[in-house]
Amino acid sequence: MVVSGALMGLVYALIAYGFQLTFATSKSINFGQGELVMLSAFFSLSLLDWGMPYWLMIPGGLLFGVALGLVVERTCVRLALEQKSEGWILMTIIFGLLGFSSAENIWGRDDRPFPTSLPTDALQVFGVNITPLEISVAIGVFTVMGLIELFKRKTLLGKAFEAVSADRDAAELMGVSATRTIMLSYGLSGLVAAMAGILISPITTVGPTMASALILKAFSVAVVAGLDSGFGVVLVGIVLGALESLTSFYLGSGWREAPGLVLLILALAIRPNGVFGKATIRKV
Amino acid sequence: MLKVENLHAGYGLSEVLQGTTLEVPEGKVVALIGANGAGKTTTMRAISGMIKPTKGSVTLGGKAIEGYATSRIARLGLAHSPEGRKVFGPLSVEDNLLLGAYNHLPMFFGFRSKAAVELGKVYELFPRLKERRTQSAGTLSGGEQQMLAIGRALMAKPKVILLDEPSMGLAPVIVLEVFNIIRRLKEAGITLLLVEQFAKSALEVSDYAYVMEHGRIAIAGTPAELHKDERVLAAYLG
Ligand SMILES: Nc1ncnc2c1ncn2[C@@H]1O[C@H](COP(=O)(O)OP(=O)(O)OP(=O)(O)O)[C@@H](O)[C@H]1O
Ligand SMILES: [Mg+2]
C-alpha cells in the first residue's frame, strides 16, 4: 500500500519535473500544468474511443501534450517574458481555467474510467503486492525523465538548453536562440504532463477535477524539492505519495490531501529555495 | 570587417552612446580604451545586439546587422566575449567550448567529432583547459575562466571577436599571460576589437586605437600617434 502510494508520488514528481524544465530556461512555470495533464488524458481517451490501438494512443497523447505546451508558451508566456513582466502567472492561470471549462464542455463533468491493456491482478514483488499498472507508472516516469536527462547531457541542443538556464545572455552570444529554447522547454513540459496523464488515468479516473488535485501535489513537490533538482522531485514525490497512502489508511481518505499541504507550508516556512535546490545567487 | 557608424544606444531613457563611430579592419587588432563608465561595454553590447541601437549602423563583412537578435548576429560571425567572462558555470570546460562552436555543429549527435580539429587548436593554445576539460567551468580560477571565454569565442571561427576587459580582476602575471595570448591571436590573423583598462598594454598589441569619453570617440589613431597625444598621455598612459 505504501509502495502504491510511492508510485503515485512518481507521477507528482513527473509533473513537478515539468515545472523545472520551463523554469530552467525561462524562470517561468505553467500554472495550468494540471489542466495540461487532464486535457491530454481526455484527448488520449478520445483517441481510444475513436478506435485507435492502445500503443498508438500513447504517442498521440504525448504529441497533443507537446502541442498544448507550445500553445501555452506562445499565448501566455512569450509576450510577458519579452516585456520582462510577470504576466505569465495570470495568463497561465487563465489558460488553466479555460482548459477546465473546455474539458467540461467537450467531455462532460463526470469522471470516466480509462481502460488499460495491462492485466489487473496484483503481482508479488519482493513480498509486496503490486499491480502491473503501478509498475507501468514507474517505468513510464523513469523512461521519460531518463530520456530527457540524456537529451540534456548528450546532445548539443540539450547542452544549449543547459546553457540558456545557466546564462541566457551568454547563450545568445553563442548563437543559441533563447526564444526557441524556451519553446522547446514548454514543448517538453507539455510532453511530460501528457505522460503523467496517460500513466495515472488508468489508476484513478479521468475527470476535469483531476487537474486541481494533481497540480497542488506537484506544486508541493516542486516547492519542497526546489526547481532545479530532478533527483529531488523524484525523492520528494515518492515520500509524499507514501505519506498520503499512510494518512488515508490511518486517518481516513478525507486526510489524503493533508500531507501535501503540510509539506508545502513547512517547506515555504523553512526552506524557500527547496531542500535540494541551490539558492539562486544573483551575481552583481 | 566591422564598421560602426554614428551608433546611439543606451538603457531605458538614458542614452549612453551618442554617435560612436569606429572600424575594425580584417586581420587587425583595434583597441578601445577609456575611463570607467565611458561606454566601452555598451558599445560592444550594442554591436552584438545585447541592447538594441536606437540610431546608427553596424556592418559586419558588408552586411548591416543592427537591430538583429543577438543569436543571429552570432551566427553571422561575430563572437563577443563579454565583460565578466560569463562562462557557463555548471557545464564542463569542454561543453563550454563545444557551445562556442554551436553554429557549426550538428544539433544532436556527432558534434564532438566534428568539433575535434577546432577543439584541438584551442587546447593547444590553452593546455590548462585541456587538463581541466571535464571540470565544471564555475570551479576554474579567474584566469582560467578568461582563457575559456577566449577559447569559446575562437571555437566559433568568427569573422570578428569582441573582447571586453580580458584582464579584469586578474593577478599581474595572469594579465601578462592574457596579453601574450592576444599577441598570438594577432599573429594568427584574428580580427579583434579589444576593450582594456590597461591602456598601455592594449596599445602595445594593437594596430589602431580609439579613446572613448562620455559615449563618444574622443581621439583615434595608431598607437604611435596616441603616444604623442598629450591628452592621452596625461589621462591614460600616466
Ligand atoms: N544595465 C545598465 N543599466 C543602466 N545603465 C547602465 C547599465 N550598464 C551600464 N550603464 C551605464 O552606462 C554607462 C556606460 O557604462 P559601460 O559599462 O558601457 O562603461 P565602460 O566604459 O564599459 O566602463 P568600465 O570600464 O567600468 O567597464 C555608465 O554610466 C553606466 O552607469
Ligand atoms: Mg566595461
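Worth knowing before you read on, the calculation uses all heavy atoms, side chains too, and leaves out hydrogens, waters and symmetry mates. Chain A is the first sequence line, chain B the second, and so forth, proteins listed ahead of strands; every chain is numbered from 1.
- Interface residue A171(A): backbone and side-chain heavy atoms are both found under 4.5 Å from chain B.
- Around atom NZ of K130(B), no more than 12 heavy atoms belonging to other residues, nucleotides or ligands sit under 6.0 Å away.
- Scanning both residues, A160(A) and Y102(B), for their nearest heavy atoms gives CB-CE1, 3.6 Å.
- In this structure, chain A has heavy atoms under 4.5 Å from both the backbone and the side chain of F108(B).
- Ranked by heavy-atom pairs shorter than 4.5 Å toward chain B, the options D169(A), L157(A), L173(A) are led by L173(A).
- Ranked by heavy-atom pairs under 4.5 Å with chain A, the first of N103(B), L76(B), L105(B) is N103(B).
- No more than 12 heavy atoms of other residues, nucleotides or ligands shown are found within 6.0 angstrom of NZ on K154(A).
- Of the two parts of M107(B), the backbone and the side chain both hold a non-hydrogen atom closer than 4.5 Å to a non-hydrogen atom of chain A.
- More than 12 heavy-atom neighbours from other residues, nucleotides or ligands sit within 6.0 angstrom of CZ on R183(B).
- Proximity to chain A is absent for every atom of R72(B), based on heavy atoms less than 4.5 angstrom apart.
- More than 12 heavy atoms of other shown residues, nucleotides or ligands fall within 6.0 angstrom of atom CD in E131(B).
- A pairwise comparison of heavy atoms in E172(A) and A74(B) identifies O-CB, 3.9 Å as the closest pair.
- Shortest non-hydrogen contact noted between M174(A) and G100(B) is SD-CA, 3.7 Å.
- Here the straight-line distance linking atom OG of S92(B) with atom NZ of K159(A) works out to 6.0 Å at 0.5 Å rounding.
- For P106(B), the part sitting under 4.5 Å from any heavy atom of chain A is the backbone (N, CA, C, O) and nothing else.
- When the candidates L156(A), T179(A), D167(A), T155(A) are compared by the number of heavy-atom contacts under 4.5 Å with chain B, L156(A) comes out ahead.
- The parts of L99(B) that come within reach of chain A are both its backbone and its side chain, each placing non-hydrogen atoms under 4.5 angstrom from that chain.
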